[in-house]
Amino acid sequence: MNIKTPIKAEITKITSKTLNVFETFSGIGAQHKSLQFLKDNYHYNYEVVGTSEWDVDAQISYAAIHYPKFEKQIKTISEDKIDKYLSNFDHSFSGKDLIPLSKIYQMDYERKLKYYKAHVISKNMGSILKINGKELQKNIGDIDLITYSFPCQDLSVAGSFHGFNQGMAKGDGTRSSLLWEIGRILTELKSIKKLPKFLLLENVANMISSRHINDYIAWKKALYKLGYQTKTYIVNARDHGLAQNRKRVYAISVKGNFKIDDQFEIIDLEEKVFPKKFEKVSKLKTRELKDIINQNYENDTHKSEALEARPNRTPSRERMFNLNYKLNDFDKYKYSRTVTTKQDRHPNAGVINLKNTILETTDEVKANYRFITTREAYLLMGFDDKDYNNVKKQNIRKEKLYQQAGNSIAIYAITAILKKIQELNNE
């Protein structure tokens, strides 16, 4: 198995308008990956003019994927200057909690230098809480599209199971309510007449369940007052060529004058503009489970990754094996379950049976199955081996790699939507 970046189409001239994109809650940059695919294969031009992210490891992974030579591209500076630069931003090691600046100052110099260079090359504006619309426009210029895949913990079914069930209402202090920081920034941009043309939301399908729908309607109403009309979709990654059952809400908001209903939702007037569903992007090669789940344990790399993903033998994990998909039964299973931030749990994306392989064991310590590897988690999200290898070189912990994949966006699904936005931008 070697999943590669699709071969670039021969480009003679970029004829599309440049789409200036600001990625908020940018993570490892699924949007950026999709935009690059559209540029390489459909001649659609773009520029990521800025990002917003506070997770240290996510920023390093973002740079490793999208700017693989970033450590050479950004000039090395003294530790004092790095500390001064980083003191202007908020930071998190977990992606959830703010850490004191002293923890950043205490980082190993080489790691801190890497982080600094990743921060600079991705044009990171820092935590969404600290971004001011006027300063944003001053620093990165005009924006055509803001993408916002805000935290889902207080909306998801999994989050509800673990006690996070508070929704995304304005002012309620949850992580999911960070959505409203986007509203604040848009209001500030409106005051200087610099609103972007488009907005793109992504979050869990449970966001529009009966429990949370009123919060979402309130959000669409706020956008309407700012001059946007919104069209909401549920898109499943498995319908777009990925071997993962991953339903997500995507919402396109457009500055315009479209007819809306009583929930501030655009009423379809023209299928060409707002299709009832998005078709699979034809130049994205379908990935089946057999393309992703690697059982070549003669290969040292894949063997070590498999062993790292094998849990200890315990009663609870035996139940976990019995209850979850056996992803290497390719005749029975065509898709994994949703990739989440952790795999040593139930439910998970699925497990791989190690019986009748060279990794089968008779001891009482290790189980005879494994979870998906961190590489397979990345591949199930639509990244490729080259992306993963570039990230792996950064010495990021296994737990963080799973978290990064689970928090990301299914690239094949969002590519279909970004393709439509690019087309709207060209009209």
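In what follows, every heavy atom counts, from backbone to side chain, and hydrogens, waters and symmetry copies are set aside.
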Tell me whether Lys103 at atom NZ has more than 12 heavy atoms from other residues, nucleotides or ligands lying less than 6.0 Å away.
no
Please determine if Lys114 and Glu110 form a salt bridge, counting it only when a charged side-chain N lies under 4.0 Å from a carboxylate O.
no
Evaluate Ile128 against Ile182 for side chain to side chain contact (heavy atoms under 4.5 Å, CB included), listing each step before the verdict.
CA-CA 8 Å; Ile128 199 74; Ile182 299 294; 3.8 Å; yes
Scan residues 57-70 for pairs that pass salt bridge (Lys or Arg N to Asp or Glu O under 4.0 Å), counting only residues two or more places apart or in two chains.
Asp57-Arg111
Treating His91 as the side-chain partner and Gly126 as the backbone partner, does any N or O pair qualify as donor plus acceptor under 3.5 Å?
no
By ring pair (Phe, Tyr, Trp, His ring centres under 6.0 Å) - contacts of Phe22 (at least two apart)
none
Please check if the number of heavy atoms outside Lys123 that lie under 6.0 Å from its NZ is greater than 12.
yes
Yes or no on side chain to side chain contact (heavy atoms under 4.5 Å, CB included) for Ile74 and Tyr67, after CA distance, side-chain angles and deciding distance?
CA-CA 10 Å; Ile74 302 299; Tyr67 308 100; over 6 Å; no
Asn324 backbone acceptor or donor facing Lys326 side chain under 3.5 Å
yes
Atom pair CG/CZ of Asp384 and Arg375 - distance to nearest 0.5 Å:
10.5 Å
Does Asn132 offer a backbone N or O that forms a donor-acceptor pair with the side chain of Glu188 under 3.5 Å?
no
Taking the basic N atoms (NZ, or NE/NH1/NH2) and the acidic carboxylate oxygens, is any pair closer than 4.0 Å for Lys398 and Glu308?
no
Looking at the rings of His212 and Tyr216, which for Trp means the six-membered one, are their centres under 6.0 Å apart?
no
Mind jotting down which residue pairs meet the salt bridge (Lys or Arg N to Asp or Glu O under 4.0 Å) criterion with at least one end in residues 229-244? Sequence neighbours excluded, please.
Lys231-Asp268
Any donor-acceptor pair under 3.5 Å from Glu202 side chain to Arg248 backbone
no
Could you give the distance from CD1 (Ile411) to CG (Leu242), rounded to the nearest 0.5 Å?
8.0 Å
Examine Phe278 together with Tyr250 and report whether their ring centres are nearer than 6.0 Å.
no
Contact summary for Pro275 and Lys420, nearest pair of heavy atoms:
CD-CE, 4.1 Å
Heavy atoms from other residues, nucleotides or ligands near NZ of Lys84 exceed 12 (cutoff 6.0 Å)
no
Flag for Gln36-Asp40: side-chain donor and acceptor within less than 3.5 Å:
yes
Quiz item: cation-pi between Lys255 and Phe198, 6.0 Å / 45°:
no
Mark yes or no: Lys277 above the aromatic ring of Tyr233, with NZ or CZ under 6.0 Å from the six-membered ring centre and no more than 45 degrees from the axis.
no
If you measure from CG on Asp385 to CD1 on Ile292, what distance do you get to the nearest 0.5 Å?
10.0 Å
Is there a donor-acceptor pair under 3.5 Å between the side chain of Asn245 and the backbone N or O of Tyr335?
no
When you measure from the side chain of Asn45 to the backbone N and O of Thr18, does any donor-acceptor pair fall under 3.5 Å?
no
Residues that Glu279 engages under salt bridge (charged side-chain N to carboxylate O under 4.0 Å, His left out), provided they are two or more places apart
none
Please confirm whether the backbone N or O of Gln244 pairs with a side-chain atom of Ser336, one donor and one acceptor, at under 3.5 Å?
no
Give a yes or no answer on whether the side chain of Lys117 reaches the backbone of Phe70 with a donor-acceptor pair at less than 3.5 Å.
no
Would the number of heavy atoms belonging to other residues, nucleotides or ligands and lying under 6.0 Å from CG of Asp261 be above 12?
yes
Could you measure the distance from the CD1 atom of Ile293 to the CD1 atom of Ile352? Nearest 0.5 Å is fine.
4.5 Å
Check the pair Thr24 / Ser52 against side chain to side chain donor-acceptor pair (under 3.5 Å), numbers first and verdict last.
CA-CA 5 Å; Thr24 68; Ser52 171; over 6 Å; no
Selection residues 116-145 - residue pairs positive for ring-ring contact (aromatic ring centres under 6.0 Å, His included), sequence neighbours left out:
Tyr85-Tyr116, Tyr85-His119, Phe89-His119, Tyr115-His119
In terms of heavy-atom contacts, Ser149 and Gln31 come closest through CB-NE2, 4.5 Å
For Asp142, all residues meeting salt bridge (charged side-chain N to carboxylate O under 4.0 Å, His left out), sequence neighbours excluded
Lys194
Any side-chain to backbone donor/acceptor pair from Tyr412 onto Lys285? Under 3.5 Å, distance only.
yes
Check whether Asn41 reaches the backbone of Leu38 with its side chain - one donor and one acceptor, N or O, closer than 3.5 Å.
no
Between CG on residue Leu327 and CG on residue Asn348, distance to nearest 0.5 Å
8.0 Å
Between Tyr46, Phe37, Phe383, which is the residue that forms a ring-ring contact (aromatic ring centres under 6.0 Å, His included) with His32?
Tyr46
Only one of Glu376, Lys33, Gln404, Arg246 clears side chain to side chain contact (heavy atoms under 4.5 Å, CB included) with Met381; which?
Arg246
Taking side chain as C-beta onward, heavy atoms only, is Tyr62 less than 4.5 Å from Val48?
yes
Among pairs that include at least one residue of residues 216-230, which meet salt bridge (Lys or Arg N to Asp or Glu O under 4.0 Å), considering only residues two or more places apart or in two chains?
Lys220-Glu265
Suppose we screen for ring pair (Phe, Tyr, Trp, His ring centres under 6.0 Å). Which residues come up paired with Tyr325, at least two apart in sequence or across chains?
Tyr333
Can you list every pair that meets salt bridge (Lys or Arg N to Asp or Glu O under 4.0 Å) and has a residue in residues 126-141, with sequence neighbours left out?
Asp90-Lys130
Would Thr374 and Val391 satisfy side chain to side chain contact (heavy atoms under 4.5 Å, CB included), going step by step from the backbone distance to the final call?
CA-CA 11 Å; Thr374 51; Val391 170; over 6 Å; no
Those residues that, when tested against Lys400, pass salt bridge (charged side-chain N to carboxylate O under 4.0 Å, His left out) (two or more places apart)
Asp55
Excluding sequence neighbours, so at least two apart, what forms salt bridge (charged side-chain N to carboxylate O under 4.0 Å, His left out) with Glu53?
none
dist Leu380:CG -> Leu289:CG (nearest 0.5 Å) comes out at 6.5 Å
Are Asn390 and Ile65 close enough, and set up right, to give a side chain to side chain contact (heavy atoms under 4.5 Å, CB included), and what steps lead you there?
CA-CA 6 Å; Asn390 286 336; Ile65 293 170; 5.6 Å; no
Set of residues satisfying ring pair (Phe, Tyr, Trp, His ring centres under 6.0 Å) with respect to Tyr369, sequence neighbours excluded:
Phe321, Phe371
